Each structure stands twice: as C-alpha cells, then as structure tokens.
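Order of the sequence lines fixes the chain letters, A, B, ..., with proteins taken first and strands second; residue numbering starts at 1 for each chain. Because the structure is predicted, anything quoted here is derived from the model rather than measured.
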Amino acid sequence: MQAALLSASHYLGALRDDEALPSLNDLLEDICRHSYRRIDRFVQLALVGSAHCVRGVKLHADCGIYMGSTHGPLTSNIRVQEQMLRGRELPKPFNFVNTLGSISGFYVADNLQLSGPSLFVSRYGRSLEAALETALTDLATEAVGQALVGVVEEAPLPLDNQRLRLQVNADVTLGEGSHWILLGPSAQSSPQRELGLHRFSGTGELESYLASHVRASTVVCLGRRLGPSVAHLLRRNIPEAIDVAHLPLPFHDSIEAAWFVDQIANGKTGGVLLVNGGDDGDGCLLHLGA
Amino acid sequence: MNTSYLRGMALNCALGLDRSTCLAALRSGRMNSDKRVLDMFDEPLELSYYRIADGADLLDPERMKRLLPPVVEAALAPAGLTVKQRRELPVFIGSSCFSIASEESHYARELAHDPGHAMPMRLTGFDVIATLVRETAGSNAAAFTWNTACTSAANALLAAQRSLALGRYRQALVVGLELANLTTLSGFSALQLMADTVRPFDARRTGIVLGEGISAVLLDVEPGPTSPRLVAGASNCDTHGVTGANPDGSSIAAVLARGLRMAGVEAAQIRALKAHGTGTVTNDEAEARGMHGVFSPMPPVCALKPWLGHTMGACGLNELVLFASALEDGFIPAAAGFETVDEALNVVPLTEETTAGPGYYLLNQFGFGGNNTVLIMEQP
C-alpha cells in the first residue's frame with residue numbers, strides 16, 4: 001500500500017522537570033482560525049502539528065484526518081479522575097469531553113475547514129502504522145482524496161509520574177510530540193516521494209523485501225517492538241541501521257513516529273525505512289522512496 | 001474488490017448473555033434497565049442503566065476478562081478457522097471505555113491507602129482490549145483500536161470491510177466493548193444528558209440512558225449459509241459543535257448520501273433504517289432532518305437504544321449485531337416505548353415489529369467530536 005507524500009511536519013519538544021510546560025500560545029495564535037477555549041494540551045499539540053504540516057498546501061475539503069497516540073489526552077483523563085475520586089465531585093463537562101481521543105480531530109477539522117472523516121486509531125507504540133494503514137486503505141478505496149495522518153503524545157506534569165507510566169528511568173529526558181504527514185493518491189508523485197506500508201510475517205519475507213528495496217542510501221531504523229529474530233537479521237544485514245531506543249531524542253511512547261516523520265519532514269531523499277514487530281507475524285515496514 | 005460477509009456474530013448486553021437470549025428478549029418485549037446509585041460522590045448520583053446481568057459488582061475491573069472471551073469465541077465459532085487462520089486474523093476494536101474502570105479502581109485504592117502518593121492513570125493505553133482479544137483468538141496479526149466516541153465500533157467495522165475489499169486480509173475480527181465506568185457515568189451526568197427512560201424521536205424525549213454491551217463480528221470474504229453482506233459505509237466530521245451534529249441535519253444528510261454512493265445503492269432501495277436515536281432533543285432533531293434530506297419517502301425506522309441502552313463506543317457493533325440477528329429471524333424490531341409523535345421531527349419509528357425481507361438496510365451512528373458514520377448491509 002502506498003501514497004504520495006505531499007508534506008510533513010515534526011514537533012518534538014524536550015521537557016524539564018523543574019519548569020512548566022512551554023507555552024504554545026504564540027504558535028496557536030499564529031495558526032488557528034479561532035481562539036479556541038476549553039481545549040487541553042493534547043488538542044493544542046494536534047492543532048500546532050497539523051497546521052504546520054499543511055501550510056501552503058491546497059487541501060481538499062473531504063481530506064480525512066487519521067490521528068493516533070499511545071496514551072491519548074492524558075492531562076484531561078488525569079484531571080477527571082482527580083475531580084471524581086479525590087474531589088468526590090462530578091467532572092467538569094469540558095474536562096470530560098476532552099478525555100476522548102477523537103476530540104482533537106474535531107478541532108483540527110474545524111481549524112483546517114475539513115469535513116471528511118476524523119478518525120482516532122491507536123496501537124501501543126505503533127500508532128503511526130495503525131493510523132497510516134487506515135489512511136492508505138481509505139485512499140485506495142477512494143473513500144478520501146487526501147489523508148492527514150498525525151501522531152500526538154503529551155507528557156503531563158509531574159514528569160516523574162509520567163516516567164512511571166512509560167516505565168523509563170528517572171534520568172530519561174521526556175518529550176511531547178506532534179508528527180504529521182499529508183498524503184495524496186499514489187499517482188501524484190515521483191518514486192522518491194512514495195510513502196508506503198508493507199506487512200511481513202517472519203524473517204523470510206523481510207529478507208526478500210530488504211534485498212529488493214533497500215539501497216545503500218536508505219536510512220534504516222529499528223523500532224522498539226522488533227521480534228528477536230527480525231532484530232538479529234536486520235543487525236546482521238544492515239549493521240549501520242539505527243536503533244531507535246538508542247537515539248538521543250526526548251522520549252515519548254511513539255518515538256518511532258517522531259524519528260520517521262522527522263526524516264521525511266527534513267527532506268531525506270535517499271530512502272527511509274522503519275521496521276517494527278515481526279517474529280510471529282505482524283511485522284511492519286514504513287518506507288519512503290524505498 | 002472483495003465482498004465482506006458477517007460470517008459470525010456474538011453479543012452480550014442487557015438483553016441477555018448471548019445472541020439467542022437477546023433475540024428472545026427482543027421478541028418478548030423484555031427490557032432490563034434499572035436504577036443505579038453511585039455513592040462515591042458528595043452528592044450521590046441515581047441513574048437508570050442497562051447493565052449486563054453477570055451478577056458481578058458493576059465497577060469490578062475484572063469483568064472485562066470474564067465477559068469478553070466468550071463473545072469473541074462465539075463470533076469465531078461458525079467459520080471454524082484453522083490455527084493458522086486465527087494466527088493471521090487482524091483485530092479491529094471500537095470502544096470508548098478501554099481500561100478506564102481498572103485505572104479508576106487502581107487510583108481509588110491508592111487514594112485509600114496513601115493519598116499523598118496516589119497517582120491517576122498509572123495503567124494507561126488503548127491496547128488492553130486488543131491484547132485480550134488477540135490472546136483469546138490466537139491472533140498474532142495487526143491490531144487497531146478506534147476511539148471516535150460513539151462511532152468507534154462502526155468505524156472499526158468500516159475499516160475492516162475496506163481492508164477486506166482491497167484484499168489485504170481474508171478475514172477480520174471486529175469487537176465493540178462498553179462496560180461501566182465512573183468516568184462515563186459521571187461525565188454524562190455532568191453534561192446533564194441523562195434521562196430516566198430513553199424515547200428516541202418521541203416528543204417527550206429528555207435524554208439518554210447508558211448501557212453496557214460487548215459484541216464481536218467475524219468479517220469474511222467467504223459467506224456462511226445465511227451471512228448478511230456488509231456492503232459499504234461512510235464517515236464524516238461535523239464541526240458545528242463538539243457534542244452534537246448541526247441541528248439542520250446537513251452533515252448527517254451528507255454522510256448518508258456518501259454512504260449510499262460508496263455502496264452503489266439508491267435511497268429508494270433501503271428497506272429500513274436503524275437510527276442512532278439517542279433520545280436527546282438535539283441528536284434526534286439533527287438525525288431526523290438529515291434523514292429527511294436524503295429519504296423521501298422515509299423507509300421504516302427502528303431505534304434500538306430502548307432495548308440495550310446507549311452503549312457508547314460499542315453501540316455501532318452492538319446494534320448491528322442485534323439488528324442483523326433480528327433480520328435473520330425475519331423481523332425488524334420496534335422502538336419500545338414510543339408514544340408521542342414530535343411533529344417537528346416527523347419521524348415515527350416502528351411501534352410494532354414488522355416483517356423483514358431480503359434487501360439493503362442502513363445503520364446510523366453519531367458521536368461527540370463531530371463523528372458521523374453510516375453502514376449499509378444487505379440481508380440475503
């Protein structure tokens with residue numbers, strides 16, 4: 001499955017334990033049609049990332065929005081639980097409404113004046129591939145003419161609590177991110193701008209894919225949920241492959257999406273390949289120009 | 001493109017613990033909503049609720065582990081899949097509750113024992129249902145989890161149908177799940193959308209009654225002996241307001257028209273329509289206007305929330321399974337409790353069950369965040 005990459009944008013902010021979250025107000029003022037009240041951090045991140053991705057691009061009104069996230073709007077969920085269980089009171093209505101993942105898509109659609117589907121589809125640590133497969137399917141069936149695909153992760157304060165949720169050490173620098181790709185039908189671009197998703201089951205299928213698709217210029221990245229056999233094969237065949245777990249990036253639970261969208265947003269043209277999963281089935285390759 | 005059939009279906013809801021019990025309750029007019037009191041707030045909440053009658057504590061976080069696997073197995077059984085087919089079976093989940101009951105329970109325990117260190121949302125993530133479904137089904141394949149409010153399961157089903165149409169998979173397991181949790185019960189109370197009785201399209205309607213339900217469907221490119229066909233559907237986003245569609249019905253008319261186009265079906269070919277029918281003043285108004293914008297004359301309208309409550313993110317699949325089961329049994333269910341026509345809506349749902357026959361049927365689902373989704377199925 002593949003589609004034409006029309007544009008991409010990438011925001012990954014490092015967070016400090018001793019500081020408040022950086023304000024996004026200036027960015028929001030710059031990119032939003034309205035001054036949205038009652039929105040939370042998760043919606044703010046979605047608005048910033050999506051608007052930057054489509055800046056200068058002509059959007060179809062029926063462009064679909066495909067968002068993913070491992071943890072979704074955590075701040076609002078935390079606030080609602082505190083109101084109910086610590087405060088023994090009903091949640092505030094807009095805190096409750098903002099607990100839903102798809103609310104961010106509503107504001108993105110409103111800001112970009114889109115009326116196509118707005119979908120929120122997730123998978124633990126692999127939300128980019130879940131959202132991307134859904135978007136590619138909708139493009140291929142002509143359910144939409146364009147697809148705006150985004151992955152958003154926030155990091156509520158205090159960050160030590162967030163480290164417990166993510167099960168990472170106390171010295172890990174946490175980040176928040178908003179990573180977006182705009183896609184059109186496959187025939188709209190050169191092979192270098194073709195973005196695709198390929199599923200594989202086991203090392204045999206992967207090896208034949210690598211042999212026919214990976215060039216010397218292709219940057220290959222290994223996701224955190226690689227099966228051991230697949231990881232061994234990749235490290236043996238492509239020793240220069242990057243291990244996403246060892247990259248010096250501020251961490252969130254869709255860090256593979258952060259790496260992949262960063263590569264393509266920054267104009268990497270020699271081929272980009274992200275590999276995840278794979279030993280028992282359920283392997284996935286995301287590729288650009290590969 | 002491949003065709004998708006509803007090869008296996010299963011349902012556990014307030015009507016009964018399996019599909020045949022649900023169908024028998026529907027035929028006999030037996031509804032199971034009752035009053036619940038939530039006493040953990042300074043001002044206790046009393047609300048009507050359609051619960052699954054499993055005998056467990058309503059907010060017991062272990063209920064999902066007990067209730068979900070039998071539903072999955074019941075949906076898989078008719079196709080007799082091999083171990084290899086099960087291993088390669090992708091999983092599509094639609095829900096709006098996920099593991100929230102577990103998270104609430106965990107936080108409440110921490111607050112009781114050590115409030116200074118209690119931490120909310122410790123067990124976060126959307127994958128808990130998909131993980132249990134994959135384990136139950138023996139699947140090692142891809143898993144997708146939709147959270148689009150009350151259209152979640154309908155969107156999961158639509159995505160599965162399109163994936164099969166493209167030939168990416170030959171079968172797909174779709175699951176909808178809604179179980180009781182404090183966030184949903186208290187959140188809707190805070191929004192003042194709750195009623196004692198749900199009365200879709202009735203002039204006396206005052207709001208929703210929440211409910212629980214778990215359903216599963218095995219979609220297959222090969223039909224069983226009497227499998228209905230899932231033809232197509234469509235989804236759009238209405239940015240009129242975050243908690244409801246534009247009351248002029250325009251976005252609902254648009255998604256209905258789009259769904260019919262995707263299915264290659266004319267409005268006049270729709271034999272009956274399963275409405276979303278929440279029983280809120282504004283949803284029913286928008287839905288009525290949307291339907292009038294596309295259908296003239298209006299086909300028979302059925303509304304199922306008086307039978308199983310509003311099962312939130314799972315309602316698209318729960319209601320599809322109940323509706324398809326009724327069609328298979330030869331009837332279209334009535335909207336229980338409807339009495340007073342709302343002249344402004346001009347929608348009169350069926351007040352008595354009527355005979356169903358072969359043909360196309362359309363199902364509506366709408367949700368917070370502007371999500372509108374329609375599905376079109378064909379009964380053989």
Side-chain angles (χ1 to χ4, degrees), chain A residues 1 62 64-65 69-72 74 77-78 80-82 84-86 88-94 96-97 99-107 109-110 113-124 129-130 133-134 137-138 140-141 143 156 161 164-165 199 201 253 277 280-282 284, chain B residues 1 40-43 45 87-88 96 100 103-104 107-108 111 115 118-122 124-127 130-131 140-149 152 155 159 162-163 165-166 168 182-183 186-191 234-239 242-243 251 254 262 367-371 373:
Chain A
M1 304 178 86
D62 69 346
I65 299 165
S69 175
T70 292
H71 300 283
L74 265 179
N77 276 284
I78 289 167
V80 163
Q81 288 207 3
E82 286 175 339
M84 292 189 308
L85 297 168
R86 197 184 280 274
R88 297 177 57 83
E89 60 188 20
L90 295 182
K92 301 284 181 287
F94 273 87
F96 167 64
V97 170
T99 62
L100 292 166
S102 57
I103 295 303
S104 46
F106 170 87
Y107 287 103
D110 185 64
Q113 297 178 274
L114 301 177
S115 58
S118 169
L119 303 174
F120 189 95
V121 52
S122 295
R123 185 161 188 202
Y124 204 97
E129 69 182 58
E133 181 163 336
T134 309
T137 300
D138 280 5
T141 53
N161 282 0
L164 289 173
R165 291 186 188 99
R199 292 212 170 270
S201 176
D253 232 337
D280 300 322
D282 194 24
C284 185
Chain B
M1 291 216 180
M40 59 285 291
F41 302 114
D42 287 338
E43 290 182 40
L45 272 184
R87 199 183 304 130
E88 295 172 352
S96 47
I100 200 79
E103 287 150 11
E104 291 165 352
Y107 184 43
L111 280 170
M119 176 180 137
M121 299 296 291
R122 189 183 287 270
T124 176
F126 293 106
D127 263 17
T131 301
N140 287 335
F144 308 86
T145 297
W146 269 258
N147 180 6
T148 56
S152 300
N155 281 323
R162 287 175 180 164
S163 295
L166 289 176
R168 288 190 62 72
L182 272 182
T183 301
S186 63
F188 277 92
S189 297
L191 289 169
S235 174
N236 73 5
C237 183
D238 179 341
T239 56
V242 76
T243 58
S251 71
M262 293 294 289
F368 282 8
N371 285 281
T373 301

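Interface remark: A130(B) contributes no atoms to any contact with chain A (heavy atom separation under 4.5 Å). Using a 4.5 Å cut-off between heavy atoms, D127(B) touches chain A through its side chain atoms alone. Heavy atoms closer than 4.5 Å to chain B are found in the side chain of F96(A), but not in its backbone. Of the two parts of I65(A), neither the backbone nor the side chain holds a non-hydrogen atom closer than 4.5 Å to a non-hydrogen atom of chain B. Of the atoms belonging to E103(B), heavy atoms from both backbone and side chain fall under 4.5 Å from chain A. Proximity to chain B (any heavy atom under 4.5 Å) is shown, for Q113(A), by neither the backbone nor the side chain. For M121(B), the parts sitting under 4.5 Å from any heavy atom of chain A are the backbone and the side chain alike. Residue T243(B) touches chain A through its side chain alone, counting heavy-atom pairs closer than 4.5 Å. Residue contact with chain B, scored on non-hydrogen atoms closer than 4.5 Å, involves the backbone and the side chain of S115(A) alike. In this structure, the portion of L111(B) lying under 4.5 Å from any heavy atom of chain A is its side chain and not its backbone. Of the atoms belonging to A143(B), heavy atoms from both backbone and side chain fall under 4.5 Å from chain A. Looking at N371(B), only its side chain comes within 4.5 Å of chain A, counting heavy atoms on both sides. Neither the backbone nor the side chain of A254(B) comes within less than 4.5 Å of any heavy atom of chain A. Residue E89(A) touches chain B through its backbone alone, counting heavy-atom pairs closer than 4.5 Å.
Among residues two or more places apart in sequence or in another chain, the ring pair (Phe, Tyr, Trp, His ring centres under 6.0 Å) test is passed with F94(A) by none.
How far CH2 of W146(B) is from CG of N155(B): 8.0 Å, rounded to the nearest 0.5 Å. Expressed to the nearest 0.5 Å, how far OG of S201(A) lies from CD of E88(B) amounts to 6.5 Å. The line from CG of L90(A) to OG of S189(B) is 6.0 Å long, rounded to the nearest 0.5 Å. Summarising the geometry, atom OG belonging to S186(B) is positioned 10.5 Å from atom CZ belonging to F188(B); distances are rounded to the nearest 0.5 Å.
When all heavy atoms of T70(A) and R123(A) are compared, the closest pair comes out as OG1-O, 3.9 Å. Closest non-hydrogen pair, S118(A) versus T148(B), comes out as O-CG2, 3.9 Å. Across every non-hydrogen atom of N236(B) and S251(B), the tightest pair is ND2-O, 3.0 Å. Nearest approach of N147(B) to S102(A), heavy atoms of both residues: O-CB, 3.3 Å. Heavy atoms only, all atoms of each residue included: S96(B) and L100(A) are closest at CB-CD2, 4.4 Å. Of all heavy-atom pairs between R199(A) and F144(B), the closest is NH2-CZ, 4.0 Å.
Put simply, the side chain of T99(A) never gets that close to the backbone of N77(A): no donor and acceptor are under 3.5 Å apart. A donor-acceptor pair under 3.5 Å links the side-chain atoms of E104(B) to the main chain of T183(B), judged by distance alone.
By number of non-hydrogen pairs under 4.5 angstrom with chain B, the leading residue of L164(A), I103(A), V80(A), L119(A) is L119(A). Ranked by heavy-atom pairs under 4.5 Å with chain A, the list L191(B), D238(B), I100(B) is led by L191(B). Ranked by heavy-atom pairs under 4.5 Å with chain B, the first of R86(A), M1(A), E82(A) is R86(A). With chain B as the partner, the residue from D62(A), D138(A), D253(A) showing the most heavy-atom pairs under 4.5 Å is D138(A). Chosen from M1(B), R122(B), M40(B), the residue pairing most often with chain A at heavy-atom distances under 4.5 Å is M40(B). When each of P91(A), G101(A), S104(A) is scored by its heavy-atom pairs under 4.5 Å with chain B, the top score falls to P91(A). Taking A165(B), C237(B), A190(B), G370(B) one by one and counting their heavy-atom pairs under 4.5 Å with chain A, the maximum is reached by C237(B).
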